[in-house]
Amino acid sequence: MVATATRSLTRPVFPFSAIVGQEEMKLALLLNVIDPKIGGVMIMGDRGTGKSTTIRALVDVLPEIAVVAGDPFNSDPDDPELMAEPVRQAKERGEVLPVVKQKVPMVDLPLGATEDRVCGTIDIEKALTEGVRAFEPGLLARANRGILYVDEVNLLDDHLVDVLLDAAASGWNTVEREGISLRHPARFVLVGSGNPEEGELRPQLLDRFGMHAEIRTVKDPALRVQIVEQRTAFDRDPWGFLEQYQERQTSLRAQIIQARALLPQVQMDYDLRVGISQVCATLDVDGLRGDIVTNRAAKALAAWEGRTLATVGDIQRVVVLCLRHRLRKDPLEPVDSGYRVLQVAKQVFQWEDA
């Protein structure tokens, strides 16, 4: 049963375990929360296919995190790499840090956001009333150790996209404003979504996303009816609907925790690593980001399924997600469907079919 107190304090979210179809998107999101170093997900697809619903539902099954109470940067009380400077200094002085558990933060970045809103700026109110220079944290601070979601990312100003991707790649946000210099951790899973009909991202920006998932409108009439009926049942009685899926949600959360713990032990044979690099070289993928992401995603998939050895089957399931958006193409063409990636991988790994 969902506690009455919890009901009164939270807004019901459609359960992740109840989402029908869109397996490619769900897999990409799960692998990124298991290993955030994969580098985020770009989700492109038709309108009304559940992109936003799925992303918000994911947060609900993630295990809670320990944070320093009252800290605007969601600092980890134990990991110096995930602490803001004031918290780290207090830790070094031997102070006892108050710790609370909270849900993984999910921050929505609106299309009209300014750079100051994203990165942080001077607290004008304190400057005027108290005569002191103080920093007002932005969205990157709130998203630390969580998920930063940008809907319609292909319509976002290119400069802001650059700022987001730089922070996501480095894990830090550095702000220089009016004589104040501040650096704080910004470790988050960057998730972007959009409709390709409204414009594509520049290739160099697409390449910075670890994975690229394509979703299409469900065509099977029976499946469409199932989706509509589930949504209707949720809208009619959201808490009752959640209770039906409580056991599945709990199981999913436990599997994520287990996969994260298992991930450092996962290995991959040298021949498979060479095969991945051969696929990337044959496809003429720029740089080494494709090699790294495919390796990480295959290992995360093995951990998700409770294994300590990544196999060629794992590579087969993630290689398109990791490479389809990195191929050289005509700027006017949409992202490759994955056919070229599969054909090359089939030749390299000697798959019977792909």
Side-chain angles (χ1 to χ4, degrees), residues 21-32 35 38-46 49 51 154 192-197 199-220 266-305 307 309-354:
Q22 310 300 7
E23 299 303 323
E24 190 172 284
M25 170 173 59
K26 292 192 291 189
L27 178 63
L29 289 169
L30 284 169
L31 296 184
N32 269 272
D35 183 2
I38 287 173
V41 190
M42 179 65 202
I43 302 168
M44 295 296 277
D46 303 330
T49 47
K51 298 187 290 292
N154 44 339
S193 69
N195 183 349
E197 294 177 0
E200 290 283 345
L201 277 175
R202 289 179 287 142
Q204 60 268 41
L205 296 182
L206 260 179
D207 178 66
R208 297 288 291 276
F209 282 91
M211 305 178 85
H212 183 287
E214 283 190 346
I215 55 176
R216 294 285 176 260
T217 303
V218 175
K219 302 298 184 185
D220 180 8
V266 178
Q267 302 295 321
M268 181 186 292
D269 289 343
Y270 178 76
D271 289 347
L272 295 184
R273 301 200 300 272
V274 171
I276 290 172
S277 292
Q278 187 177 340
V279 171
C280 293
T282 304
L283 290 169
D284 201 19
V285 173
D286 289 335
L288 295 175
R289 196 172 280 123
D291 307 53
I292 295 169
V293 170
T294 307
N295 273 272
R296 284 192 172 279
K299 289 181 178 180
L301 179 54
W304 171 245
E305 296 184 345
R307 294 178 279 108
L309 185 65
T311 67
V312 68
D314 297 320
I315 297 170
Q316 186 172 8
R317 289 165 63 186
V318 303
V319 67
V320 170
L321 287 166
C322 298
L323 299 181
R324 64 148 63 99
H325 57 301
R326 307 179 193 278
L327 306 187
R328 291 177 179 270
K329 60 184 182 298
D330 187 312
L332 299 178
E333 291 180 358
V335 172
D336 187 273
S337 64
Y339 177 79
R340 277 195 290 162
V341 175
L342 280 177
Q343 290 307 304
V344 170
K346 178 181 178 180
Q347 295 170 6
V348 170
F349 291 104
Q350 301 293 304
W351 293 334
E352 292 183 5
D353 52 42

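None of the values given here were measured: they were computed from a predicted structure.
A distance-only check finds a donor-acceptor pair linking the side chain of Arg324 to the backbone of His212 [under 3.5 Å]. Under a 3.5 Å cut-off, the side chain of His325 and the backbone N or O of Phe209 do form a donor-acceptor pair. Judged purely by atom type and a 3.5 angstrom limit, Asp314 uses its side chain to pair as donor or acceptor with the backbone of Thr311. Formation of a donor-acceptor pair under 3.5 Å by the Glu24 side chain with backbone atoms of Ala213 is not found in this model. At distances below 3.5 Å, at least one donor-acceptor pair connects side-chain atoms of Arg273 with backbone N or O atoms of Met268.
Closest heavy-atom contact between Gly290 and Cys280: C-SG, 3.9 Å. Of all non-hydrogen atoms in Asp35 and Ala300, the two that sit nearest each other are CB-CB, 4.3 Å. Between Ala345 and Val319, the shortest heavy-atom distance links the atoms CB-CG1, 4.4 Å. Of all heavy-atom pairs spanning Val266 and Arg307, the tightest one is CG2-O, 3.5 Å. Among all heavy-atom pairs drawn from Asp291 and Ser277, the shortest one is OD2-OG, 2.8 Å. Of all heavy-atom pairs spanning Ala298 and Ala310, the tightest one is O-CB, 4.0 Å.
Atom-to-atom distance recorded for Arg326:CZ and Arg289:CZ is 7.0 Å, nearest 0.5 angstrom. Remark: Leu309 CG to Leu272 CG distance equals 8.0 Å, nearest 0.5 Å. Rounding to the nearest 0.5 Å places CG of Asp271 at 11.0 Å from CD of Gln278. Between Glu23 atom CD and Ile215 atom CD1 the span is 12.0 Å, to the nearest 0.5 Å. To the nearest 0.5 angstrom, Leu327 atom CG is 5.5 Å from Leu283 atom CG. Taking CD of Gln267 as the start and NZ of Lys299 as the end, the distance is 6.0 Å to the nearest 0.5 Å.
Checked against Ile276 for a side chain to side chain contact (heavy atoms under 4.5 Å, CB included), the options Ile292, Thr294, Val293 give a single hit: Thr294. Checking each of Val285, Leu323, Thr282 against Val341 for a side chain to side chain contact (heavy atoms under 4.5 Å, CB included) leaves exactly one that passes, namely Leu323.
With a 4.5 Å cut-off on side-chain heavy atoms, Asp269 and Val312 do not count as touching. Using a 4.5 Å cut-off on side-chain heavy atoms (C-beta onward), Leu27 and Leu301 make contact.
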Checklist line | Test log, rule side-chain contact (heavy atoms from CB on, under 4.5 Å), inputs Arg340 and Val344 | finding: CA-CA 6 Å; Arg340 277 195 290 162; Val344 170; 5.6 Å; no

